[in-house]
Amino acid sequence: MEKAGKDFYMKSALELARALLGCLLIHRTEDGICAGKIVETEAYMGTKDKASHSYNNRRTKRTETMFGPSGQAYVYLIYGMYHCMNIVAAEPDNPQAVLIRALEPIDGLDLMAYRRYSKSLSDCSRKELLNLTNGPGKLCQAMKITIKNNGESLTGNSLYIVKQGTPKASDIITTTRINIAYAEEAVHFPYRFYIKNSPYVSVRDKAEELKAGR
DNA sequence: ATACAGATCGGT
DNA sequence: CCGATCTGTATA
């Protein structure tokens with residue numbers, strides 16, 4: 001259990017997406033501390049990847065942090081009401097990032113329940129407990145990650161990653177990314193990764209799980 | 001100045 | 001499947 005340092009993030013988004021599986025995402029706020037185990041990620045490979053915000057070197061106010069150094073949070077608002085959190089990968093001017101798509105709640109569950117449903121943990125149904133952080137928008141709401149965290153360095157003491165044992169290769173499912181139907185050939189790129197047996201994954205790929213065996 | 005789509009979610 | 005809800009982005 002050690003906090004991930006600068007070096008950890010200096011790799012391609014594809015490598016980082018795999019390396020992040022099993023790690024803890026921690027957020028300390030005034031309300032308290034929350035933590036979740038990362039169980040699902042997606043790699044966005046930058047200027048050549050039609051699904052990426054930085055495709056074709058599109059550099060705007062929103063995408064600017066993707067062009068910065070690795071190890072920063074790239075957070076943006078989606079559909080006018082939800083946030084998505086990414087971790088910037090690779091080197092400056094190579095705008096790659098990893099989208100955090102799902103967590104297994106580990107610590108601060110009561111805080112998460114209040115942020116998600118405005119009620120205490122003990123009043124949550126089984127389904128609500130499973131839905132606390134099983135999607136990119138949900139986990140940001142539960143962890144209180146907002147546009148204010150955009151550009152924040154993960155080497156600080158507020159929002160950061162703690163390394164844990166990476167799952168073995170046979171426990172990682174590799175499949176296509178979610179909700180990028182517009183991305184032409186990139187639709188088929190195997191850039192999504194999740195932990196096979198986790199009940200906290202947002203969308204399962206039954207065919208790939210069968211192929212991976214048990 | 002205007003138009004429009006989107007790396008989502010929750011309810012029907 | 002649909003609507004919510006609004007910012008970033010492109011086009012003119």
Side-chain angles (χ1 to χ4, degrees), chain A residues 12-18 20-21 25 36 38-68 70 72-90 94-103 105 112-119 123-152 173-194 199-205:
Chain A
S12 75
L14 274 172
E15 292 173 275
L16 185 60
R18 285 175 169 277
L20 281 167
L21 289 178
L25 175 65
I38 298 174
V39 298
E40 180 182 352
T41 58
E42 279 178 2
Y44 287 84
M45 291 297 284
T47 61
K48 299 287 198 291
D49 179 359
K50 284 182 180 164
S52 175
H53 291 164
S54 55
Y55 171 66
N56 207 18
N57 230 32
R58 190 169 48 165
R59 187 168 187 160
T60 65
K61 189 165 186 184
R62 178 175 68 151
T63 64
E64 187 60 31
T65 54
M66 283 185 88
F67 289 80
S70 57
Q72 293 188 318
Y74 167 46
V75 184
Y76 64 91
L77 187 65
I78 184 72
Y79 298 108
M81 42 169 100
Y82 301 106
H83 295 275
C84 288
M85 177 187 170
N86 298 252
I87 297 178
V88 177
N94 185 351
Q96 304 184 9
V98 176
L99 173 66
I100 309 299
R101 282 197 58 90
L103 301 174
M112 293 184 187
Y114 270 105
R115 288 170 180 159
R116 292 272 296 127
Y117 310 118
S118 302
K119 63 187 186 187
D123 291 331
C124 288
S125 68
R126 208 166 182 83
K127 181 164 186 178
E128 284 171 326
L129 294 181
L130 280 172
N131 288 342
L132 240 26
T133 54
N134 65 340
K138 298 175 194 177
L139 89 246
C140 281
Q141 188 182 19
M143 300 282 289
K144 204 176 185 175
I145 294 166
T146 70
I147 197 78
K148 290 178 189 167
N149 297 108
N150 185 40
E152 181 172 339
I173 299 292
T174 302
T175 182
T176 53
R177 293 171 291 183
I178 303 297
N179 283 339
I180 53 152
Y182 55 85
E184 300 176 25
E185 79 279 356
V187 164
H188 307 292
F189 295 172
Y191 286 177
R192 184 167 75 107
F193 307 95
Y194 67 85
Y200 296 98
V201 165
S202 67
V203 181
R204 317 205 74 91
D205 188 323

**Request:** Starting from C1' on C:dT7, measure out to OH on A:Y74 and report it in whole angstrom.
**Result:** 12 Å
**Request:** Classify the nucleic acid contact of A:I78 as base, sugar-phosphate or nothing, counting any heavy atom under 4.0 Å across all strands shown.
**Result:** sugar-phosphate
**Prompt:** Of A:R116 and A:H53, whose closest DNA chain B nucleotide lies nearer the 5' terminus?
**Reply:** A:H53
**Prompt:** To the nearest Å, how far apart are A:K127 NZ and B:dC9 P?
**Reply:** 14 Å
**Request:** Counting heavy atoms from C-beta on, name the nucleotide in B:dC9, C:dT9, B:dA7 closest to the side chain of A:T63.
**Result:** C:dT9
**Asked** Based on Watson-Crick and G-U pairs with both distances under 3.5 Å, what dot-bracket line describes DNA chain C 5' to 3', crossing pairs as [ ] and inter-strand pairs as |?
**Response** ||||.||||||.
**Prompt:** If we ignore angles and hydrogens, is there a donor and acceptor under 3.5 Å between the side chains of A:R115 and A:Q141?
**Reply:** no
**Item:** Phosphate OP1/OP2 of B:dA7: any A:N179 side-chain N/O under 4.0 Å
**Value:** no
**Asked** So, do A:Y44 and B:dA7 meet the stacking rule of ring centres under 5.5 Å and planes under 30°?
**Response** yes
**Asked** Are any side-chain N or O atoms of A:T63 and backbone N or O atoms of A:M66, one a donor and one an acceptor, separated by less than 3.5 Å?
**Response** no
**Message:** When you compare the side chains of A:Y44 and A:E42, does any donor N or O come within less than 3.5 Å of an acceptor on the partner?
**Reply:** yes
Interface polar pairs with nucleotides 4-6 of chain C, N/O, under 3.5 angstrom:
| residue | atom | partner | partner atom | Å |
| --- | --- | --- | --- | --- |
| C:dT5 | O2 | A:Y79 | O | 2.7 |

**Request:** Starting at atom CD1 of A:I145, determine the distance to atom C1' of B:dT8, rounded to an integer number of angstrom.
**Result:** 15 Å
**Item:** A:Y117 side chain to A:E128 backbone, donor-acceptor under 3.5 Å
**Value:** yes
**Asked** How many Å lie between CD on A:E64 and P on C:dT9, as a whole number?
**Response** 10 Å
**Item:** 4.5 Å side-chain heavy-atom contact, A:N86 and A:V98
**Value:** no
**Request:** Give A:R177 one of three labels, base, sugar-phosphate or nothing, depending on what nucleic acid heavy atoms sit under 4.0 Å from its own.
**Result:** nothing
**Prompt:** Is the side chain of A:Q96 donor-acceptor paired with the backbone N or O of A:A13 at a distance under 3.5 Å, no angle test?
**Reply:** yes
**Request:** Return the value, rounded to whole Å, for the distance between atom NE2 of A:H83 and atom C1' of C:dT7.
**Result:** 11 Å
**Asked** Between A:Y76 (OH) and B:dG6 (P), how many Å, whole number?
**Response** 12 Å
**Message:** Quick one, A:I100 and A:I87 - any side-chain contact, counting heavy atoms below 4.5 Å?
**Reply:** yes
**Prompt:** When the distance from CZ of A:F193 to C1' of B:dA7 is rounded to whole Å, what number comes out?
**Reply:** 15 Å
**Prompt:** So, A:N134 versus A:K138: side-chain donor-acceptor pair below 3.5 Å or not?
**Reply:** yes
**Request:** Please check if the side chain of A:R177 supplies one atom and the backbone of A:A43 the other of a donor-acceptor pair under 3.5 Å.
**Result:** yes
**Prompt:** With respect to the side chain of A:K138, which nucleotide from B:dC9, C:dA10, B:dG6 is positioned closest?
**Reply:** B:dC9
**Item:** Atom P, compared across B:dT2 and C:dT5: separation rounded to whole Å
**Value:** 23 Å
**Item:** Gap between atoms CG and P, on A:N134 and B:dT8 respectively (whole Å)
**Value:** 13 Å
**Complete:** Here the pair of heavy atoms bringing A:N149 nearest to A:A73 is O-CB, 3.6 Å
**Asked** What does A:N86 touch in the nucleic acid at a heavy-atom separation under 4.0 angstrom: a base, only the sugar-phosphate, or nothing?
**Response** base
**Message:** If you compare every side-chain N and O of A:R62 against the phosphate oxygens of C:dT7 (OP1, OP2), does one of them come in below 4.0 Å?
**Reply:** no
